[in-house]
Amino acid sequence: MFIFRADASSEIGFGHVMRCLALADAARSAGHETLLMTRATTPHVEAMAARRSIPVRAFGGAPGSPEDAACLGDLAVRGSRVVVDGYVFDEAYLASVRRPGSYVTYVDDLGGARFSCDAVLNHNLYAESCTYEGAPRTQFLLGPRYAIVRDSFLDARARRSRVAPEIATRLLVTTGGGDPTGETAKVLAALHLIDAPSLDVRVVVGPANPRGDEIRASAARDSRHRITVLSEVDDLAGEMRDCDLAIAAAGTTVTELACVGVPALVVTVADNQRAVAPEAARRGLARSLGWHADVTPDAIARALAALARDAGERARMTEAGLRSVDGKGKDRAIAALAALDEADGKDHTLPRGKEEVS
């Protein structure tokens, strides 16, 4: 059995739960039972899990507390793979979760720390350069070779045209489940500054975004572009498939855009994203606009207008994204974690992911 521990809220967003559910999909496809343990489930989390027929166990206490660890540990029967995803789960928590015959994995975004667990999974673009400390037999699954991408994005990848239009007119705006720094409002303000090309804009408002009414009102005031505001989007992959370029927060969405082959402008909105945007730019699959506090509507407008007219650059971004993220990472990760017991008595260090995947 694979047991996943992750939370979601307006403060931390839905990324931790979403990637655990993607891993759960891969585990189920490989024939394993799955369970999601989360604090005070929301209707959105319950609906996402229900669509996958993944049981949910709610925990009402403080995340990362000894009580939390004890509850999770009690679920870990012999042979279980426990996957923990979230920033409140420290080394002591991970050590206390493990039970005889079970294996604990931590999903990390930051790098450079020490983890008392059997495996560390960091699927970010920059992760191959991270230096970790761990037990002598800790496995490290690092880089986009293990990128956690849902199956719907693989389907969008197969269906999306790779021919870049001379002028991009279809724009996707997606800034996370909560958008706590208000990036969507800045993008809408930027659109007011662009007269041409006239854009068909799809704005995704996440389930924890408290500014939905404000965003819809701002969109309705724009006469230059056609702006559609979308709430409770079930098919983000389909939106990516149909757009020419995107503006996004520099989180997990960057990996998904790369897998589908969508050129993007990305804004760093959290500390755990500080290494993502520069690496995406280095690989050539996105342009980084910088730290959110330094990004102005005028800067967004200039970058967007320039990229919309540069078909050659957008084509290069598409190919760079497809090379970097092939969408099979979650299956590789589950296969490696399922084989942990088979590796007993052997060297637990896996080869680090390649710079690019085909």
**Student:** For residues Val229 and Val204, determine if any side-chain heavy atom of one lies less than 4.5 Å from a side-chain heavy atom of the other.
**Tutor:**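 No - every pair of side-chain heavy atoms lies 4.5 Å or more apart.
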**Student:** Are Trp291 and Val276 co-members of a hydrophobic cluster defined by side-chain heavy atoms under 4.5 Å apart?
**Tutor:**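 Different hydrophobic clusters.
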**Student:** Examine the side chains of Arg216 and Ser231 and answer whether a donor and an acceptor come within less than 3.5 Å of each other.
**Tutor:**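 Present: a donor and an acceptor within the cut-off.
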**Student:** Take Arg283 and Ser324 through the test side-chain hydrogen bond (donor to acceptor under 3.5 Å, both in side chains) and record every step on the way to the result.
**Tutor:** CA-CA 8 Å; Arg283 288 173 177 262; Ser324 293; 3.2 Å; yes
**Student:** So does Asp85 pair up with Arg19, basic N to acidic O under 4.0 Å?
**Tutor:**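 Salt bridge between Asp85 and Arg19, a charged N being under 4.0 Å from a carboxylate O: yes.
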**Student:** Under 4.0 Å between a side-chain nitrogen and a carboxylate oxygen: does that hold for Arg274 and Asp271?
**Tutor:**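 Answer for the salt bridge query: yes.
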**Student:** Is Asp195 paired with Arg224 through a side-chain N to carboxylate O contact shorter than 4.0 Å?
**Tutor:**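 Salt bridge present between Arg224 and Asp195.
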**Student:** Would you say CD of Glu33 has more than 12 non-hydrogen atoms from neighbouring residues, nucleotides or ligands within 6.0 angstrom?
**Tutor:**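 Incorrect, the count does not exceed 12.
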**Student:** May I ask you to check whether His123 and Tyr146 place their ring centres under 6.0 Å from each other?
**Tutor:**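 No, ring centres 6.0 Å or more apart.
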**Student:** Is there a donor-acceptor pair under 3.5 Å between the side chain of Asp108 and the backbone N or O of Gly111?
**Tutor:**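 A pair under 3.5 Å: yes.
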**Student:** Decide side-chain contact (heavy atoms from CB on, under 4.5 Å) for Phe59 and Asp7; before the verdict, give the C-alpha distance in whole Å, the side-chain angles of both, and the deciding distance to 0.1 Å.
**Tutor:** CA-CA 10 Å; Phe59 171 74; Asp7 296 320; over 6 Å; no
**Student:** Do Asp151 and Lys330 meet the salt-bridge criterion of a basic N to acidic O distance under 4.0 Å?
**Tutor:**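 Yes.
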**Student:** Can you confirm whether Arg51 is buried at CZ, in the sense that more than 12 heavy atoms of other residues, nucleotides or ligands lie under 6.0 Å from that atom?
**Tutor:**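 Check passes, neighbour count above 12.
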**Student:** Taking the six-membered ring of Tyr132 as reference, does the cationic atom of Arg114 (NZ for Lys, CZ for Arg) lie under 6.0 Å from its centre and within 45° of its axis?
**Tutor:**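 Negative - Arg114 is either too far from the ring of Tyr132 or too far off its axis.
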**Student:** Would you indicate whether the side-chain heavy atoms of Arg160 and Val262 approach each other to under 4.5 Å?
**Tutor:**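 Val262 vs Arg160: side chains touch.
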**Student:** Nearest 0.5 angstrom please: His16 NE2 to Phe89 CZ, how far?
**Tutor:**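 With rounding to 0.5 Å, NE2 (His16) is 8.5 Å from CZ (Phe89).
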**Student:** For the hydrophobic clusters of this structure (ILVMFWY residues joined by side-chain heavy atoms under 4.5 Å, transitively), does one cluster hold both Leu289 and Val254?
**Tutor:**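 Unlinked, Leu289 and Val254 end up in two clusters.
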**Student:** Check ring-ring contact (aromatic ring centres under 6.0 Å, His included) between Phe153 and all other residues, then give those that pass, not counting sequence neighbours.
**Tutor:**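 So Phe153 forms no ring-ring contact (aromatic ring centres under 6.0 Å, His included) with any residue.
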**Student:** Answer with yes or no whether the hydrophobic clustering places Val201 together with Ile215; edges join I, L, V, M, F, W, Y residues whose side-chain heavy atoms lie under 4.5 Å apart.
**Tutor:**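 Cluster IDs for Val201 and Ile215 match.
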**Student:** Could you grab the distance from atom NE2 of His32 to atom CG of Leu337, nearest 0.5 Å is fine?
**Tutor:**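 Between atom NE2 of His32 and atom CG of Leu337 there are 9.5 Å.
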**Student:** Does Arg81 reach the main-chain N or O of Val104 with its side chain, forming a donor-acceptor pair under 3.5 Å?
**Tutor:**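 Absent.
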**Student:** Under a plain distance cut-off of 3.5 Å, with no hydrogens placed, do Glu91 and Ser116 share a side-chain donor-acceptor pair?
**Tutor:**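 A donor-acceptor contact under 3.5 Å links the two side chains.
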**Student:** Distance-only, no hydrogens or angles: does the Arg332 side chain make a donor-acceptor pair with backbone N or O of Arg145 under 3.5 Å?
**Tutor:**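 Yes; judged by distance alone, with no hydrogens or angles, the pair exists.
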**Student:** Can Val97 be reached from Leu35 by stepping across I, L, V, M, F, W or Y side chains whose heavy atoms are under 4.5 Å apart?
**Tutor:**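 Yes, Leu35 and Val97 fall within the same hydrophobic cluster.
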**Student:** Under a 4.5 Å cut-off applied to non-hydrogen side-chain atoms, are Asn272 and Tyr87 in contact?
**Tutor:**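 Of all side-chain heavy-atom pairs linking Tyr87 with Asn272, at least one is under 4.5 Å.
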**Student:** Are Asp200 and Thr169 linked by a side-chain donor-acceptor pair shorter than 3.5 Å?
**Tutor:**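 There is no such pair (donor and acceptor under 3.5 Å, judged by atom type) between the side chains of Asp200 and Thr169.
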**Student:** Under a 3.5 Å threshold, yes or no: a donor from one side chain and an acceptor from the other, between Arg162 and Thr318?
**Tutor:**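 Absent: no donor and acceptor within the cut-off.
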**Student:** May I have the step-by-step check of side-chain contact (heavy atoms from CB on, under 4.5 Å) for Leu75 and Met37, ending in yes or no?
**Tutor:** CA-CA 9 Å; Leu75 296 174; Met37 177 177 159; 3.9 Å; yes
**Student:** Does the distance from a Lys or Arg side-chain N to an Asp or Glu carboxylate O, for Arg98 and Asp118, drop under 4.0 Å?
**Tutor:**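 Counted as a salt bridge, because a side-chain N and a carboxylate O are separated by less than 4.0 Å.
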**Student:** Can Met240 be reached from Leu230 by stepping across I, L, V, M, F, W or Y side chains whose heavy atoms are under 4.5 Å apart?
**Tutor:**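 Yes, Leu230 connects to Met240 through the hydrophobic network.
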**Student:** Please test Phe2 against Val83 for side-chain contact (heavy atoms from CB on, under 4.5 Å), starting from the C-alpha separation and ending with a verdict.
**Tutor:** CA-CA 7 Å; Phe2 275 80; Val83 180; 4.2 Å; yes
**Student:** Decide yes or no for Ile227 and Leu188: does some side-chain heavy atom of the first lie under 4.5 Å from some side-chain heavy atom of the second?
**Tutor:**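 Of all side-chain heavy-atom pairs linking Leu188 with Ile227, at least one is under 4.5 Å.
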**Student:** Does one side chain, of Thr174 or Thr253, offer a donor that lies under 3.5 Å from an acceptor on the other?
**Tutor:**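 No - no donor-acceptor pair under 3.5 Å links their side chains.
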**Student:** Report yes if some heavy atom in the side chain of Ser80 is under 4.5 Å from a heavy atom in the side chain of Val77; otherwise report no.
**Tutor:**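 Result yes, sub-4.5 Å side-chain heavy-atom pair found.
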**Student:** Check the pair His192, Ser218 against side-chain contact (heavy atoms from CB on, under 4.5 Å), reporting the backbone distance first and the verdict last.
**Tutor:** CA-CA 10 Å; His192 291 311; Ser218 177; 3.9 Å; yes
**Student:** Less than 4.0 Å between a side-chain N and a carboxylate O, is that true for Arg5 and Asp68?
**Tutor:**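 Salt bridge flag = yes for Arg5 with Asp68.
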